[in-house]
Protein chains: 2
Amino acid sequence: MSKRSPELVDDSVVECCSPLASEVLTEKEAHDVARIFAALGDPVRLRLLSMIASSDEACSCNLEAPLGKSQPTVSHHTRILAEAGLIVGEKRGRWTWWRTVPDRLEMAARLLRP
Amino acid sequence: MSKRSPELVDDSVVECCSPLASEVLTEKEAHDVARIFAALGDPVRLRLLSMIASSDEACSCNLEAPLGKSQPTVSHHTRILAEAGLIVGEKRGRWTWWRTVPDRLEMAARLLRP
DNA sequence: CATACTTATCGACGTCCGTCAATGTAAAGG
DNA sequence: CCTTTACATTGACGGACGTCGATAAGTATG
């Protein structure tokens, strides 16, 4: 999909982490989890994710205008969300349709709340 | 507590946000929430938070060594976590004791999971 | 007070991030 | 084919971030 850094966040993270409080994160766990939260740590990406989650499928063409960002910028952000495993894109005909990955959101939530 | 940017994340955020999916975040909501997730988006801060959460109170003196970071760096990170409302520090005697703020973690989790 | 100790702040450095114009790529429809 | 459409990638720029040494500010103890 991309030449450099196709690197998705390791899937083992999904299994790995019981709530933060139960045990101290290792360095690797912290690194992987941080990438997920970092993806959530930008206002534009949060609104992007929010838009996708609200209408359970969204194509990029509907995202640029409400965000007020350029097409490359939107593409950049969808990529980061996708690499964090929070959304997935499916190309159908002309458009790419984005959906959230509930398991991933669930997993992130589980880290914060027992 | 600090000369510049004592600016905590607006508390109204705690009320504001139903799950991401239910309604598209406004720009302000996204901005405030992003600061919280951004605070979680660094491996060192995650381990820091994890350590504090595990032993429900921790003093900075116990944090530097296991993190392998300098004292100013640890101080920097505790400050960011505190400004995000995720931890609070209490000065008792010589040391500052840090605790997590369960409501904040709960709120962040609620955004991700209905 | 003087000293030791703990934490916060400052200044500097290198790196990463968000942004966009320009360009590339791939598919659809004539 | 060629044009149009949708999206990705590149390159560049400014700003934010993580880090640490040095230093300041605050607090216990002699």
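Proteins come first, then strands; the chains are lettered A, B, ... in the order of their sequence lines, and each starts at number 1.
- Residues A/Leu40 and A/Ile80 do not share a hydrophobic cluster, defined by chaining ILVMFWY side chains whose heavy atoms lie under 4.5 Å apart.
- Remark: the B/Ser70 side chain and the B/Thr73 side chain contain an N/O donor-acceptor pair separated by less than 3.5 Å.
- Counting to the nearest Å, the C1' atom of C/dC5 and the CH2 atom of B/Trp95 are 9 Å from each other.
- Following rounding to the nearest Å, A/Arg79 (CZ) and D/dT10 (P) show an atom-to-atom distance of 7 Å.
- Counting atom types as modelled, B/Gln71 pairs a side-chain N or O with a base atom of C/dA8 as donor and acceptor under 3.5 Å.
- Put simply, NZ on A/Lys69 is 15 Å from C1' on C/dA21, counting in whole angstrom units.
- Across A/Ala34 and B/Pro43, no two heavy atoms sit closer than the pair CB-N, 3.5 Å.
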Are there any protein N/O atoms within less than 3.5 Å of an N/O atom in nucleotides 27-30 of chain C, and if so, which ones and at what distance?
{"unit_1": "C/dA28", "atom_1": "O4'", "unit_2": "A/Arg94", "atom_2": "NH1", "d": "3.3"}

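- Separating the CH2 atom of A/Trp98 from the P atom of D/dA6 is a distance of 16 Å, rounded to the nearest angstrom.
- When rounded to the nearest whole Å, the span between CD1 of A/Ile80 and P of C/dC17 equals 7 Å.
- To the nearest angstrom, P of D/dA16 lies 11 Å from NE2 of B/His31.
- Cluster partners of B/Trp97 are B/Trp95, counting Ile, Leu, Val, Met, Phe, Trp and Tyr whose side-chain heavy atoms approach within less than 4.5 Å, directly or via other members.
- The OG atom of A/Ser50 sits 9.5 Å away from atom CD1 of A/Ile52, with the distance rounded to the nearest 0.5 Å.
- Atom CZ of A/Arg92 is separated from atom P of D/dA6 by 15 Å (rounded to the nearest Å).
- Scored by the side-chain hydrogen bond (donor to acceptor under 3.5 Å, both in side chains) test, B/Arg45 finds B/His77 as partners (sequence neighbours excluded).
- Within residues 57-67 of chain B, no residue has any heavy atom closer than 4.0 Å to DNA chain D.
- Within the structure, every pair that satisfies the salt bridge (Lys or Arg N to Asp or Glu O under 4.0 Å) test and touches residues 88-98 of chain A, not counting sequence neighbours, is listed here: A/Glu57-A/Arg92, A/Glu90-A/Arg92, A/Glu90-A/Arg99.
- Using a 4.0 Å cut-off on heavy atoms, none of the residues of residues 43-50 of chain A approach DNA chain D.
- Summary of the strand contacts: A/Gly41 and A/Pro72 both lie near DNA chain C, and taking for each the nucleotide with the nearest heavy atom, the more 5' one is attributed to A/Gly41.
- Closest approach of A/Leu63 and A/Val74 over heavy atoms only: CB-CG1, 4.4 Å.
- The side-chain heavy atoms of A/Cys59 and A/Trp98, taken from C-beta on, include no pair separated by under 4.5 Å.
- Among all heavy-atom pairs drawn from A/Ala39 and A/Leu86, the shortest one is CB-CD1, 4.1 Å.
- Nearest to the side-chain atoms of A/Thr73 among the listed nucleotides C/dT9, C/dT19, D/dG18 stands C/dT19.
- Checked for salt-bridge contact, B/Lys69 and B/Glu64 miss the test: no charged N lies under 4.0 Å from a carboxylate O.
- For the pair B/His76 NE2 and D/dT23 P, the interatomic distance rounds to 21 Å; values are reported in whole Å.
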